[in-house]
Amino acid sequence: MSIVSTIRDAKDQLFGGGVTKADGIGTLFGVFLPSLLSTFGIIFHLRLGWVVGSYGILISTLTILLTFTIGFMTALSLAAVATNMRIKGGGTYYILSRSFGTELGAAIGIPLYISQALIVAFEIMGLTEITLSLAPHLSPLVIKFSFLVGLTLLTTILSRYTVKIQPFALFIVFLSIGSFFLGGAEVVQDAIAFQIPAAKDKNFWSAFAILFPAVTGIEAGFGMSGTLKNPSRSLPLGTLFAILAAATVFLTVAFFMASYVPKNMLKHDPIVLAHYAKYSSIVLMALLGTSLFGGIGALVGGPRTLQALSRDAIAPRWLARGFGSLDVPLFSTLTTVSIVSGLLFIGNINLIAPILTMFYLTSYGMLNLASGIETVVGNPSWRPTFATPAYVSFFGLLLCVIAMLMIDPGQAMISVLIMAAIFLFVRRQSIGKKLDDIRNGIILHFTQRGIYHLAKEEISKRAWRPSFVVFSGSPSRHRRLVEFASALTRNRGFLFTTAILPSKKTSQEKILPFKERIESFYERRDIRSLVDVVTFNDLFVGMKRVISSSGVGTIVPNTVLLGATRQRHQQLAEVISHAHAMEKNVLVIQESRKRPQKRKGRSQAPKQVDVWWDDDSRPNSHLMLILSHILRKDLDWKNAKITLKSAAPNSAACETRRAYFEEFITKHRLGVECEVYELENDTPWQQAVKEHSAQASVLLLGLKTPEGNPEEYGTYLSDLFEVKATPPLIAYTLSGPELEIF
């Protein structure tokens, strides 16, 4: 035998030998027993009797039923999710991150990991108090860290022996319960120093807050997911049966306590199970054993959650390393032990216990939400072999939310804020690897329903939003045009950008790279647009085809944005006529050939938008005003000054028009200024535009309706574009035939 093989065999013995990953652990030893044993821990032995004595059997029964109903609903949802995916290490975190993505998975996984560390500390403190009651001369600190070292050895080097003694530990638990049923001891005052929070308000929810941590024992099975032979089968099956068994025992013991154990003894003796039992030593053995297994379950699940976080690049990478055939997370375990050591020095874990409960309720609620959404959305990939109805999952979610709010709304809010902060940090810092989750499926589901709904409804004036189709070619050549369109549609409408390439000069292999370059250009400038690249022999024929076919259902462009051409005005006139016939609004953008001058210093003059009232078309004027109003909603145009301008032949006409504008602006809440200029000696209004809008950032002018001979309209465009654009952008605006905004 070689030295290498000898070392490998020794390592397997130390870090998980005896059970290979190919064989794995089954349902009984991997899920059912650790979950059940973790449930019969500190809460069962030290708090159940006190709850029954303090709150009465009715509230106690309802509390137990709600506690395990939430656990059972969550287990049903888990069964659906687990039988639809190959679950690796990480338990609850792994499931949620693969359902909702890295950010939300981290927001739940990190608090969940901390909660698992808190449970280890909580169980050790309970064991310490029990040990001190039996041997008060010992040092509390020595006892705490002795238990911590023992738990660490059991979960790493001696993990295979821990699995084997689980049936014996469960046998001791049932012996202790039997001994309790046979008991009949006297009341023992202050038998132990373990402090249970006083019942301030003897109501249902305060009792629930005390007992609910018992059901978190099912996390022991979740945490073993990375070592199971068949996690998709073992996790739901083992968890469901463990919950049913634990609920049955809790209810049976509670009814026995209420019927036979003196109330005074229940309220004042924290370990009433031991003192009332016929053989108290057996009960103490069970208490010690189940508390150890509760700590082991958390000390197994916590490091594996941290290991999964590390493998998703959320935690440091060195924490991801596993040893042995069972992939034991040694470094994650040592990190968890260090955290638990700090918590043991703090001492009072009960101060943090309510937030711990909140974190678990949140994680269970999210598990239910994941299952319910997957069922409703119905992605083709959703094919669980254990189908849980959506209403069951959503009911479990509702119970979790109600419980959080009823226990303590403030603590619930703190828990949510902590998770929101983690979510935003992970998202903003782009931490973690991209995961294939269900978010796109959710968006597609509701988008589909929305489109089908809108297809049956007419768009009202109140719901009108600008949706542009822009023909930009290479966006870097028409950057201001695309940015102007983005400013009008951002967060309000849709922007469809189409690049038309010549068919004869463009192979199919060039289309996708060209589209990716456009999308990359937009992403760098935070421009949201649906990009398409098509090929046509003739540019203007392609434009007309795109105008006729863009969009899906009612999500179609209602406005066509074109760049003013230096030549081929006749073809452009045909495109405008086609768009107008399709009942589209048209914006023809003429860009100044001069680059905008960069202002020195940080202070910049506010942008100015001039809207010239179109005397020939009131709909044109209305469209220009609403577009200018929308433009000012964009962050870059937030402080822009909008002025409605017009020219009149004499002073009387100026006053009449000014009064009309002021009434119109007030009536429609536009928040713009108005100016009316008097034309001297029959000066054309175009001259007034040049004189009074030379400093405008954007100038909106009306565009004549394409009627009569197309050649005449082409000549009209040619004369219009001959005027050199002084403002950076001139938007010639043509309203669609059916547009009524005001």
Side-chain angles (χ1 to χ4, degrees), residues 25-41 43-44 63-85 87 90-96 98-99 108 112 115-116 119 208 211-225 228 230-251 294 297-298 300-301 305 357 359-375 382 384-401 403:
I25 304 175
T27 303
L28 179 63
F29 289 95
V31 181
F32 178 79
L33 289 178
S35 297
L36 193 59
L37 286 170
S38 297
T39 304
F40 295 135
I43 302 297
F44 176 75
T63 301
I64 294 170
L65 289 175
L66 178 61
T67 295
F68 286 97
T69 296
I70 291 177
F72 191 75
M73 293 286 187
T74 304
L76 289 174
S77 297
L78 171 68
V81 178
T83 56
N84 190 66
M85 66 169 63
I87 300 177
T92 302
Y93 161 73
Y94 186 87
I95 294 171
L96 291 177
R98 269 58 184 174
S99 297
I108 302 294
L112 183 63
S115 299
Q116 290 165 327
I119 287 179
F208 176 83
L211 281 186
F212 181 77
V215 82
T216 61
I218 65 174
E219 286 287 335
F222 286 35
M224 295 291 287
S225 59
L228 298 173
N230 187 355
S232 296
R233 179 179 182 275
S234 297
L235 276 176
L237 204 61
T239 304
L240 285 170
F241 279 105
I243 290 171
L244 290 173
T248 302
V249 173
F250 267 71
L251 287 171
V300 168
T305 299
T357 298
F359 284 149
Y360 273 107
L361 279 170
T362 304
S363 65
Y364 292 173
M366 295 304 296
L367 276 171
N368 285 302
L369 180 62
S371 175
I373 288 179
E374 284 277 28
T375 304
W382 180 246
T385 56
F386 188 104
T388 300
Y391 65 84
V392 172
S393 299
F394 288 133
F395 183 64
L397 168 65
L398 179 63
L399 290 178
C400 291
V401 173

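For the pair S371 and A80, the tightest heavy-atom approach, listed with the atom from each and the gap, is OG-CB, 3.7 Å. Closest heavy-atom contact between I64 and L211: CG1-CD1, 3.9 Å. Considering all non-hydrogen atoms of both residues, A242 and L36 come closest at O-CD1, 3.5 Å. Considering every non-hydrogen atom in both F32 and G238, the closest pair reads CD1-O, 3.7 Å. The shortest non-hydrogen separation linking L397 to G365 is CD1-O, 3.3 Å.
Proximity of F72 to T239: side-chain heavy atoms (C-beta onward) are nowhere separated by under 4.5 Å. With contacts defined as side-chain heavy-atom distances shorter than 4.5 Å, the pair I243/T39 does not qualify. Using a 4.5 Å heavy-atom cutoff, the side chains of Y360 and Q116 are in contact. Contact annotation: the side chain of T69 approaches that of L399 to within less than 4.5 Å [non-hydrogen atoms, C-beta and beyond].
Residue L361 holds its CG atom at 9.0 Å from OG1 of T74, rounded to the nearest 0.5 Å. To the nearest 0.5 angstrom, L398 atom CG is 10.0 Å from M73 atom CE.
Applying the ring-ring contact (aromatic ring centres under 6.0 Å, His included) rule to F250 yields the partners F44, F68; only residues at least two apart in sequence or on another chain are considered. For F208, the ring-ring contact (aromatic ring centres under 6.0 Å, His included) partners at least two apart in sequence or on another chain are W205, F212. For S77, the side chain to side chain donor-acceptor pair (under 3.5 Å) partners at least two apart in sequence or on another chain are N368, S393.
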For side-chain contact (heavy atoms from CB on, under 4.5 Å), just list the numbers for L65 and L251, CA-CA rounded to whole Å, side-chain angles, deciding distance to a tenth of an Å, and then say yes or no. CA-CA 8 Å; L65 289 175; L251 287 171; 3.9 Å; yes
